[in-house]
Amino acid sequence: MMEKIFKPKSIALIGANKRKGSVGRGIAENLQKGSARLFYVNPNAGEIFKNKAYKKITDIDENIDLAVIAIPQKFVLQAVKECVQKKVKGIIIISSGFSETGKEGEKIQNEIVEITKKANISLVGPNTLGIIRPTVNFNASFAPGNPPKGGVAFIAQSGGLIDAIIDGALEENFGFSIIVSVGNAAGISLSDYVDFAEKDKFTKVIALYIEGVENGRDLFNVIKKTKKPVVVIKGGKARKAKEVISSHTGSLAGEYDIFSAAMRQAGAIETDSLEELFDVVKALVSFGKCKKGVGVVTNGGGAGVLITDYIYKSEELFLPEISKKTIRKIEKETKKARIVFKNPLDILGDALPERYEIACRNLLFQENVSSLVVIQTPQIMTSPLENAKKIAKLKKEFKKPIITVFMGRGDLTKKAISYLEKRGVPNYSDPKRVVKPLLSLLKVKK
Amino acid sequence: MILDFKKQENLLSRYKIKRPLTFFATKKEEVACMANKIGYPLVLKVFSNEIFHRTEKKGVYLNIGSEKEARETANKLFKIPKSQGVIIQKQIEGIELVVGAKKDPSFGAAIMFGTGGVMVEVISDVVFKIAPIGKKDAKEMINETKGKIFLKGFRGMQKVKEELVIDLLVKTSNLAYKEKVQEIDFNPVIANKDGVFVCDAKIKI
């Protein structure tokens with residue numbers, strides 16, 4: 001059912017509008033990018049973008065799979081009733097002014113839920129930014145820009161956050177399979193969307209922004225069931241005014257404590273910030289399950305010392321010793337006597353792309369090295385793009401995760417990072433940021 | 001409201017949750033006989049389904065060493081406002097743990113485990129899971145606490161059978177999941193070489 005409404009053949013936009021800056025126009029522009037047949041509905045009728053505008057959805061002769069409603073709240077109920085009459089399969093209510101505003105809005109929302117349920121119509125929202133599926137060219141939202149295609153399903157309880165993340169994604173070189181603003185989730189629930197993402201063939205990783213869950217048990221069960229990695233960030237962790245605390249358990253078990261425990265138990269990865277969320281997502285999109293041994297190659301001593309501290313502190317990851325066999329091979333191939341063979345392997349400031357490649361390849365060959373972190377500090381003889389090309393080549397050759405820390409923000413470095421990330425090698429600007437993604441790879445379900 | 005003492009005991013025994021030898025006196029005159037049966041030292045505690053924190057009401061006395069002391073203490077406990085009876089319990093020593101459960105409005109029954117005692121909230125060495133849980137989950141919970149080192153015989157302390165702690169966690173999670181209870185508070189649970197015992201129990205319905 002959800003597949004049908006999120007990849008509709010025909011769409012009616014109720015509240016289509018020519019006016020610049022209007023939501024109705026924003027959605028119309030986004031919908032036009034898709035391949036579904038599009039019908040505009042506006043009570044003032046007339047013409048919109050050289051297309052006929054219908055007064056009511058029921059005036060349209062063709063069958064309609066999906067109705068998108070973006071009109072003032074007081075007209076929504078009537079529009080929904082007409083959608084039922086028209087026998088649409090799904091409705092997205094963009095309009096706000098429902099349960100989020102108080103009792104009166106909630107009453108209308110409940111009525112809409114009842115009507116749509118009875119007619120077996122899927123309901124998205126109300127109070128939502130909409131839904132985007134870049135992988136099937138479907139954009140029923142008023143989000144700006146074109147989110148790039150990719151393997152991330154982002155399901156969020158905040159529309160504004162989605163806008164910001166779409167904007168950021170363009171720079172971060174990752175793409176989306178599904179973007180959902182759940183809104184008030186009066187019909188389709190958060191758990192339903194997770195289930196949909198699990199079944200969606202384009203989705204590799206499910207990322208969630210959650211403020212509150214009405215039926216946590218359902219969410220727990222659906223996350224537990226999914227084989228795809230789920231990454232979660234929770235907003236609103238601070239404790240609400242306490243009720244009369246009557247027991248130890250009562251005072252220790254806050255709403256967030258239970259949420260966090262449930263996510264962990266279900267196998268989801270919880271992050272502290274949006275930056276961390278997408279740091280983790282970037283790694284999970286590119287790589288499968290991996291073990292605890294991390295090999296590090298660096299051209300700067302300090303960065304190597306820092307990453308050693310972070311990996312040690314993680315208590316789970318470790319830096320395997322470089323084996324005699326690996327040492328022999330690197331020595332032979334580099335003809336370099338000055339290298340001290342420790343992990344992190346400092347290949348020195350004058351390392352050229354070739355030395356990077358030799359060191360990386362041989363570490364990757366070592367069995368107890370399950371993932372590789374390649375650090376680059378920009379020195380005068382460093383060639384970031386050439387290094388990036390060598391690393392991207394290794395990424396193709398090996399199944400083991402390869403992550404880079406190209407430090408600095410110079411033009412050459414930026415270009416190299418973009419080259420790497422477009423080829424599935426996630427880059428992090430700080431050695432500290434590799435730890436959480438590496439830990440997340442340990443937890444991937446088979 | 002707190003579950004009545006008799007009902008609480010029935011519920012705990014139905015789930016085979018172990019307690020130290022415990023009697024409940026509703027009259028002053030019963031105390032001495034019960035105390036003698038248990039033997040000394042013992043613990044006397046007030047019970048009321050309106051009192052949640054016994055310690056705060058001066059309702060807990062440890063190290064009662066004789067019949068005379070038991071009688072005197074019982075007199076005090078029966079005078080506490082809203083007192084409905086006195087719990088007479090064998091005093092045991094060991095490592096103090098806390099086991100709890102709560103019905104979360106969103107996630108349903110959840111179980112808690114950690115380092116116990118009067119300072120649980122201060123130490124806050126507790127972990128949670130959604131109920132019901134199996135043995136593997138229970139073992140994970142133990143390993144996630146800092147207090148796990150105490151269970152393994154820390155600095156000459158007596159070693160505890162971990163599987164008995166696991167067993168208690170699984171049983172408590174089942175109770176919390178299946179029964180109509182709002183909160184369960186077992187604090188302290190005392191673990192020693194003889195077993196794992198729920199010394200103080202409160203069940204909120």
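These numbers come from the heavy atoms of this one structure, side chains and all, not from hydrogens, waters or symmetry mates. Proteins come first, then strands; the chains are lettered A, B, ... in the order of their sequence lines, and each starts at number 1. Predicted model, so just to flag it, every value in this text is computed and none were measured.
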Bottom line for B:Val126: the part with an atom under 4.5 Å from chain A's heavy atoms is side chain
Honestly, the part of B:Ile184 sitting under 4.5 Å from a heavy atom of chain A is backbone
Among A:Leu219, A:Asp218, A:Asn215, the residue with the most heavy-atom pairs under 4.5 Å to chain B is A:Asn215
Note: vs chain B, highest number of non-hydrogen pairs under 4.5 angstrom among A:Ala261, A:Ser260, A:Gly212 is A:Ala261
Is atom [atom1] of [X] surrounded by more than 12 heavy atoms (other residues, nucleotides or ligands) closer than 6.0 Å?
{"X": "A:Lys313", "atom1": "NZ", "value": "no"}
{"X": "B:Lys159", "atom1": "NZ", "value": "no"}
{"X": "A:Arg433", "atom1": "CZ", "value": "yes"}
{"X": "B:Lys135", "atom1": "NZ", "value": "no"}
{"X": "A:Glu214", "atom1": "CD", "value": "no"}
{"X": "A:Tyr256", "atom1": "OH", "value": "yes"}
{"X": "B:Lys152", "atom1": "NZ", "value": "yes"}

side-chain contact (heavy atoms from CB on, under 4.5 Å) test vs B:Ile130 passes for just one of A:Arg217, A:Met263, A:Lys224, namely A:Arg217
Checked B:Asp137, B:Ile2, B:Val120, B:Val98 vs chain A; the most non-hydrogen pairs under 4.5 Å come from B:Val120
- May I have the step-by-step check of side-chain contact (heavy atoms from CB on, under 4.5 Å) for A:Gln265 and B:Ile133, ending in yes or no? CA-CA 10 Å; A:Gln265 194 178 344; B:Ile133 58 166; 4.1 Å; yes
Rounded to the nearest 0.5 angstrom, the NZ-CD1 distance for B:Lys103 and A:Ile258 is 12.5 Å
**Report entry** Cationic N near anionic O, under 4.0 Å, A:Arg264 to B:Glu144
**Finding:** yes
